[in-house]
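Here the structure comes first, spelled out in structure tokens, and everything after it is commentary.
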Amino acid sequence: MELKGKKVGVALTGSFCTFDKIFVELKKLVEAGADVYTIFSNASQQISSRFGTPEEFIKKAEEITGRKPIFTIEDAEPIGPQAYLDILVIFPCTGNTIAKLANGITDTPVLMGAKAHLRNNKPLVISISTNDALGMNMKNIGLLMNAKNIYFVPFGQDNPIKKSNSLIAHTDKLIPALELALEGQQYQPILEAF
């Protein structure tokens with residue numbers, strides 16, 4: 001299913017090393033004709049890192065999408081009753097967010113957006129970026145893989161020698177993963193080597 005005319009939510013969490021790739025794909029979504037809404041987690045709107053400042057990231061998101069991001073739990077909650085998104089992707093999705101999502105915790109704008117969106121039986125896509133995916137978070141990933149209406153951008157080990165538990169999504173597969181999720185299908189193969 002094409003993304004043209006679809007309302008796509010993009011929820012950013014604190015895996016700042018992936019933000020350059022995120023903004024490339026955000027531009028591609030807009031170029032594909034998607035109507036894009038961004039949601040910033042608490043970490044992504046408060047923490048400065050060697051990869052940039054929250055102000056820079058927020059400005060980029062506004063410039064690309066043409067709209068102000070969602071910053072609060074209160075502003076993310078209406079995603080449910082208003083049902084205005086066709087699909088939502090958590091991009092990047094940290095281990096912290098994965099663990100909370102798998103255990104029903106909604107203490108950030110991103111998690112509230114995900115919970116609100118899922119109540120409408122619409123697809124939620126996860127774009128993993130975590131150093132503990134094959135460690136303590138593997139059980140949470142397994143829970144989400146078996147959950148209704150949750151799909152994954154294909155992922156793999158980005159550095160199996162130095163970071164043996166780390167997994168990261170193939171961000172260049174975002175658009176086809178979203179298109180298939182809108183049809184109720186998981187992009188395959190879900191595991192791809194880098």
Side-chain angles (χ1 to χ4, degrees), residues 8-19 21-22 25-26 37-47 49 51 57 69-71 73 76-77 79-80 85 87-160 162-174 177-178 180-181 185-194:
V8 179
V10 177
L12 292 86
T13 67
S15 182
F16 304 113
C17 61
T18 62
F19 273 35
K21 292 178 184 177
I22 302 309
E25 297 305 315
L26 208 57
Y37 298 75
T38 56
I39 306 169
F40 276 69
S41 71
N42 297 336
S44 64
Q45 59 183 290
Q46 296 170 359
I47 298 173
S49 71
F51 301 103
F57 299 140
I70 294 170
F71 296 116
I73 290 172
E77 193 275 335
I79 290 170
L85 295 179
I87 191 165
L88 174 63
V89 58
I90 304 178
F91 185 49
C93 191
T94 61
N96 187 52
T97 299
I98 289 167
K100 289 179 176 184
L101 183 62
N103 289 283
I105 299 169
T106 55
D107 63 350
T108 72
V110 167
L111 290 161
M112 177 54 79
K115 174 188 171 185
H117 180 71
L118 283 170
R119 83 177 222 180
N120 296 317
N121 289 314
K122 293 182 179 179
L124 173 67
V125 178
I126 306 294
S127 181
I128 289 177
S129 181
T130 177
N131 288 326
D132 73 337
L134 297 176
M136 293 297 287
N137 240 323
M138 184 53 126
K139 65 181 177 185
N140 296 316
I141 293 168
L143 286 171
L144 294 176
M145 284 188 144
N146 285 290
K148 182 180 176 184
N149 296 319
I150 296 181
Y151 305 89
F152 285 78
V153 175
F155 53 83
Q157 287 181 281
D158 53 308
N159 191 341
K162 293 185 179 178
K163 299 190 305 179
S164 59
N165 288 339
S166 180
L167 290 177
I168 191 164
H170 292 274
T171 56
D172 60 323
K173 303 284 172 68
L174 174 69
L178 291 173
L180 282 171
Q185 297 178 47
Q186 171 61 55
Y187 183 102
Q188 296 292 344
I190 196 167
L191 295 173
E192 291 188 10
F194 275 90

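Taking the six-membered ring where the residue is Trp, Phe40 and Phe71 present tilted rings, their angle falling between 30° and 60°.
Here the straight-line distance linking atom CG of Leu101 with atom CD1 of Ile90 works out to 5.0 Å at 0.5 Å rounding. Here the straight-line distance linking atom CG of Leu118 with atom CG of Leu124 works out to 5.0 Å at 0.5 Å rounding. Ile105 CD1 to Thr97 OG1: the interatomic distance, rounded to the nearest 0.5 Å, is 10.5 Å. To the nearest 0.5 Å, atom CD1 of residue Ile98 and atom CE of residue Met138 are 10.5 Å apart.
Legend: residues meeting ring-ring contact (aromatic ring centres under 6.0 Å, His included) with Phe57, ordered by chain and number and at least two apart, are Phe19. Every residue two or more places apart in sequence or in another chain was checked for a side-chain hydrogen bond (donor to acceptor under 3.5 Å, both in side chains) with Thr171, and none qualifies. For Lys173, the salt bridge (charged side-chain N to carboxylate O under 4.0 Å, His left out) test picks out Glu192, with sequence neighbours left out. Qualifying side-chain hydrogen bond (donor to acceptor under 3.5 Å, both in side chains) partners for Asp132, counting only residues two or more places apart in sequence or in other chains: Thr130, Asn137. Residues satisfying the side chain to side chain contact (heavy atoms under 4.5 Å, CB included) criterion with Gln46, sequence neighbours excluded, are Asn42. With sequence neighbours left out, the salt bridge (charged side-chain N to carboxylate O under 4.0 Å, His left out) criterion links Lys139 to no other residue. Checked against salt bridge (charged side-chain N to carboxylate O under 4.0 Å, His left out), Glu25 has the following partners two or more places apart in sequence or in another chain: Lys28. When the salt bridge (charged side-chain N to carboxylate O under 4.0 Å, His left out) test is applied to Lys100, the partners found at least two apart in sequence or on another chain are Asp107. Applying the side-chain hydrogen bond (donor to acceptor under 3.5 Å, both in side chains) rule to Ser15 yields the partners Ser129; only residues at least two apart in sequence or on another chain are considered. Partners of Leu180 under the side chain to side chain contact (heavy atoms under 4.5 Å, CB included) rule, at least two apart in sequence or in another chain, are Glu183, Gln185, Tyr187. A search for side-chain hydrogen bond (donor to acceptor under 3.5 Å, both in side chains) contacts involving Thr108 returns nothing, not counting sequence neighbours.
The shortest heavy-atom contact between Val110 and Ser41 is CG2-N, 3.6 Å. Between Leu88 and His117, the closest heavy-atom pair is N-NE2, 3.5 Å. The two residues Gly80 and Asn120 have their closest heavy-atom pair at O-ND2, 2.9 Å. The two residues Val89 and Leu178 have their closest heavy-atom pair at CB-CD2, 4.0 Å.
Two residues are said to be in side-chain contact when any heavy atoms from C-beta on lie closer than 4.5 Å; Leu167 and Leu134 meet this criterion. Using a 4.5 Å heavy-atom threshold, the side chains of Pro109 and Gln45 count as touching. When side chains are defined from C-beta on, Gln186 counts as touching Gln188, because their heavy atoms get closer than 4.5 Å. Looking at Phe91 and Leu174, their side chains come closer than 4.5 Å, going by heavy atoms from C-beta outward. For the pair Ser166/Asp158, a side-chain contact is recorded, criterion being any heavy-atom separation below 4.5 Å from C-beta on.
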Review point. Would Asn103 and Asn140 count as a side chain to side chain contact (heavy atoms under 4.5 Å, CB included) if you check the C-alpha gap in whole Å, the side-chain angles of each, and the deciding distance to 0.1 Å?
Key: CA-CA 8 Å; Asn103 289 283; Asn140 296 316; 3.3 Å; yes
Practice item. Would you please test Leu12 and Thr38 for side chain to side chain contact (heavy atoms under 4.5 Å, CB included) and show each step? Key: CA-CA 7 Å; Leu12 292 86; Thr38 56; 4.2 Å; yes
Check your understanding: Could you walk me through whether Thr13 and Asn96 pass the side chain to side chain contact (heavy atoms under 4.5 Å, CB included) check?
Key -> CA-CA 9 Å; Thr13 67; Asn96 187 52; over 6 Å; no
Practice item. Tell me, with the steps shown, if Ile79 and Ile39 meet side chain to side chain contact (heavy atoms under 4.5 Å, CB included). Key: CA-CA 11 Å; Ile79 290 170; Ile39 306 169; 3.7 Å; yes
Sequence neighbours left out, cut at 3.5 Å: what donor-acceptor pairs do the side chains of residues 147-157 make with other protein atoms?
unit_1 : atom_1 : unit_2 : atom_2 : d
Asn149 : ND2    : Asn121 : OD1    : 3.4
Gln157 : NE2    : Ser164 : O      : 3.0

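For Met145, the CE atom is densely surrounded, since the number of other residues' heavy atoms within 6.0 Å is greater than 12.
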